[in-house]
Number of protein chains: 2
Amino acid sequence: MSIGTVSRVLNNSDHPVHPATRERVLAAIRALDFEPNALARGLSGRRTQILGVVVHDITDDYFNEIVRGIDEVARPAGYLVLVLSSYRDPELELDYVRRMRSQHADGIIFVGGGLQVPGHVDRLRRQVEAIEAEGGAVVMLAPNDLPWPSIVPDTDAGIAELVEHLVGLGHRSFAMLTGPDHLKTSVERAAAFRSALARHGIALDPRAVVSGGFERLQAAEALERLVEQGVRFTAVVCLNDQMAVGCLQAARRLGLRVPRDLSVTGIDDLPVTELLDPPLTTVRVPMRELGRRGMELVLSRLEERPFEAPTALACELVVRGSTGRVGRGSRKGER
Amino acid sequence: MSIGTVSRVLNNSDHPVHPATRERVLAAIRALDFEPNALARGLSGRRTQILGVVVHDITDDYFNEIVRGIDEVARPAGYLVLVLSSYRDPELELDYVRRMRSQHADGIIFVGGGLQVPGHVDRLRRQVEAIEAEGGAVVMLAPNDLPWPSIVPDTDAGIAELVEHLVGLGHRSFAMLTGPDHLKTSVERAAAFRSALARHGIALDPRAVVSGGFERLQAAEALERLVEQGVRFTAVVCLNDQMAVGCLQAARRLGLRVPRDLSVTGIDDLPVTELLDPPLTTVRVPMRELGRRGMELVLSRLEERPFEAPTALACELVVRGSTGRVGRGSRKGER
DNA sequence: CTGAAAGCGCTTACAG
DNA sequence: CTGAAAGCGCTTACAG
């Protein structure tokens, strides 16, 4: 019962092992509660079964929902998930990627990806190239400028639907709360809004377009400031739900009734949105599905089999109570 | 410039290295973008800087808030965090612990800990003993029957305050929604309620005590069933916030106004609670602090220094809008 | 101060 | 079918 034989049994190797020997090995493993050393395994060239997932912040429901989706596929495949919260700090993100290289992670999924900070993209690219060269699979789940495989939520159609909905309710003047400027997700969502509005001959008042940093509190302050400054609009479109939640709170403090005095919309469809009062009209991003499919893409690349599933996920409009006819309250009956 | 010298420079070893040599090594490291292999490091006996965190479900805000707290201390200490979602499945939990042993994780934090499933506790104990014997530090962040160091939220005083508050508002008949029976957290919170109520000579109607499994939807159904069955009570106390959120939704569907017709309370003080309508009266568990302190305990054990901070965290009552005088609406002004 | 060498625990050609 | 041995990339006594 040499160490080599034990290894063959443990790995269900093709190499033949006598059934009786196999039994003896298995019995010993059970008796000793033997657990092979994963470090030694990884060092001798095997897959480490470690996946790194780069998120912004695990307490942000957008990210933990996606991590959940990843986990749903990673666990049955035997993968351990390292959650790397970068808080959108390029240095920290890069540092984590280097650590993943050092750990010989089989894969990395960038969930928030797409920091357009000059210089950073190149350094990131170099690290990712090194990881890929060593057999790792890197995948992005957001719009980005890096040349790696991605699964991306396609919000354009949903945003167009949302604009139809709002225009149909009589809205003509809008405020828009954007995310960080260096985030491609924010840039693309903003562009989708502008072009959908343009189709109705509506242009955004530059003063009514402000960054809420994709954060709740920042968005609440931004809305309050707009109102203070006397900027006129009948609907605020927020480029994510977190900011829409902030707007709902700010509106309450300002004495504005939603949707009678102001319509508010988000994007993402976080689980909280239906608990709010009023519940939020938003564009649904299938977050768990995004995570699942991202992990499937990682696995298919590691196993070098083709990936058949679509790499863009449809996102549709979800109408709830936070949007209504201009000056006339909720479309779905007043309260 | 031997491999040994490089290692000494990399680890800032005590062993003397000539400054000029050190410089040459550092220059080469930079030039090659060299990243030492963490697996080889771990295999040769060094700390792996890997931490395993066992949670129930990363999309549950109770858990991701705690993971955030852990991360706040783990990251500056150079630790990588493996998030292990066990969904309260003993087999899965045990499997993850074995994997942690295999990975030579330096530490494991059980966040949800305390599954009182017969047999399981012993098997878990054996694994944890093996890990500790190999120099790992295991810590629990919930009440448990295992003999390992813990940081525990002390909700007893907060629950007593909550009962005072409700009794002060005139409530005498209560319903209680509990978590899973095999979870010590649920058992202890229930006991705290019973004894606080007993001090006022109030006993719970056995029909009014039902499990909501610590889950929102289950709790909503449970409340609807109680009302259907004609069980009488003026306040539902939920043993966590998730269930209280479910009750708020169910109450709305049932046409019960909170708090005029029914008072609802939770425990935890999740971030959502203040966004709800009405916002929730609850007992605040300092989740991030719990996570931070848990990681500090892990580090202090790894470094074999004494841990000075208290191992129980005070949890106080937070009064918001979901509780009011019996039959007379909110204590804080009607709407 | 520097380097050669053993050892960590696996996997996997290679020899038998 | 079994086992001895090289090798993965580090760390760390040990010798010089």
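Chain identifiers are assigned alphabetically (A, B, ...) following the order of the sequence lines, protein sequences preceding nucleic acid strands; residue numbering begins at 1 within each chain.
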Q: For the side-chain contact (heavy atoms from CB on, under 4.5 Å) test, which of A:Val128, A:Val53, A:Val97 pairs with A:Ile108?
A: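 Testing A:Ile108 for a side-chain contact (heavy atoms from CB on, under 4.5 Å) against A:Val128, A:Val53, A:Val97 leaves exactly one candidate, A:Val97.
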Q: Using 0.5 Å steps for rounding, measure from the CG atom of A:Asn144 to the CD atom of A:Glu188.
A: 9.0 Å
Q: Would you say a side-chain N or O of B:Asn37 is under 4.0 Å from OP1 or OP2 of D:dC8?
A: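 For D:dC8, neither OP1 nor OP2 has a side-chain N or O of B:Asn37 closer than 4.0 Å.
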Q: What is the base-pairing partner of D:dG3, counting Watson-Crick and G-U wobble geometry with both distances under 3.5 Å?
A: C:dC14
Q: Are there any protein N/O atoms within less than 3.5 Å of an N/O atom in nucleotides 14-16 of chain D, and if so, which ones and at what distance?
A:
none

Q: In whole angstroms, how far is the P atom of C:dC8 from the CZ atom of B:Arg47?
A: 18 Å
Q: Please report, rounded to the nearest Å, how far the C1' atom of D:dT11 is from the CG atom of A:Leu39.
A: 14 Å
Q: Starting at atom CG of B:Leu43, determine the distance to atom P of C:dG7, rounded to an integer number of angstrom.
A: 14 Å
Q: How would you label the contact of B:Leu10 with the nucleic acid (heavy atoms, under 4.0 Å): base, sugar-phosphate, or nothing?
A: nothing
Q: Which listed nucleotide (D:dT11, C:dG9, C:dG3) is nearest to the side chain of B:Arg46?
A: D:dT11
Q: For the pair made of CG in B:Asp14 and P in D:dA13, what is the distance, rounded to whole Å?
A: 11 Å
Q: To the nearest 0.5 Å, tell me how far B:Leu146 CG sits from B:Lys184 NZ.
A: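 The distance works out to 9.5 Å.
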Q: Regarding A:Asn11 and A:Arg41, do their side chains bring together a donor and an acceptor under 3.5 Å, going by distance alone?
A: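 Distance-only check passes for A:Asn11 and A:Arg41.
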Q: Listed in order of residue number, which residues of residues 16-34 of chain B have a non-hydrogen atom at under 4.0 Å from DNA chain C?
A: B:Pro16, B:Val17, B:His18, B:Pro19, B:Thr21
Q: Less than 3.5 Å apart, any donor N or O on the side chain of B:Asp57 or B:Tyr62 sitting next to an acceptor on the other?
A: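 No, no side-chain donor-acceptor contact under 3.5 Å.
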Q: Starting from the 5' end of DNA chain C, give me the residue, B:Ser44 or A:Gly4, whose nearest nucleotide shows up first.
A: B:Ser44
Q: How many Å lie between CG on B:Asn11 and P on D:dT12, as a whole number?
A: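 After rounding, the gap between these two atoms is 7 Å.
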Q: Would you mind classifying the nucleic acid contact of A:Gly45 as base, sugar-phosphate or nothing, using non-hydrogen atoms under 4.0 angstrom?
A: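 Answer is nothing: A:Gly45 stays at 4.0 Å or more from every strand.
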Q: It should be established whether A:Thr5 places a side-chain nitrogen or oxygen under 4.0 Å from OP1 or OP2 of nucleotide D:dG3.
A: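 So the side-chain polar atoms of A:Thr5 do come within 4.0 Å of the phosphate oxygens OP1 or OP2 of D:dG3, strictly under.
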Q: Give a yes-or-no answer on whether the side chains of A:Asp106 and A:Thr48 include a donor-acceptor pair shorter than 3.5 Å.
A: yes
Q: How long is the line joining CD of B:Glu134 and C1' of C:dC8, in whole Å?
A: 13 Å
Q: Would you mind checking if A:Glu129 and A:Arg126 are paired as a salt bridge, meaning a charged N to carboxylate O distance below 4.0 Å?
A: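 Result for this pair is no, no salt bridge flagged.
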Q: Calculate the interatomic distance between A:Arg41 atom CZ and D:dG9 atom C1'; express it in whole Å.
A: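 Nearest whole value for this atom pair: 19 Å.
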Q: So A:Ile58 and B:Asp71, do their side chains get closer than 4.5 Å, heavy atoms only?
A: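 No - every pair of side-chain heavy atoms lies 4.5 Å or more apart.
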Q: Compare the minimum distances between each of C:dG9, D:dT11, C:dC10 and the side chain of B:Ser7, then state the nucleotide with the smallest one.
A: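 Nucleotide nearest to B:Ser7's side chain: D:dT11.
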Q: Can you confirm whether more than 12 heavy atoms, excluding those of B:Glu303, are under 6.0 Å from its CD atom?
A: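 For B:Glu303, atom CD is crowded (more than 12 foreign heavy atoms under 6.0 Å).
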Q: Examine the side chains of A:Asp61 and A:Gln242 and answer whether a donor and an acceptor come within less than 3.5 Å of each other.
A: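 A:Gln242 and A:Asp61 do not have a side-chain donor-acceptor pair below 3.5 Å.
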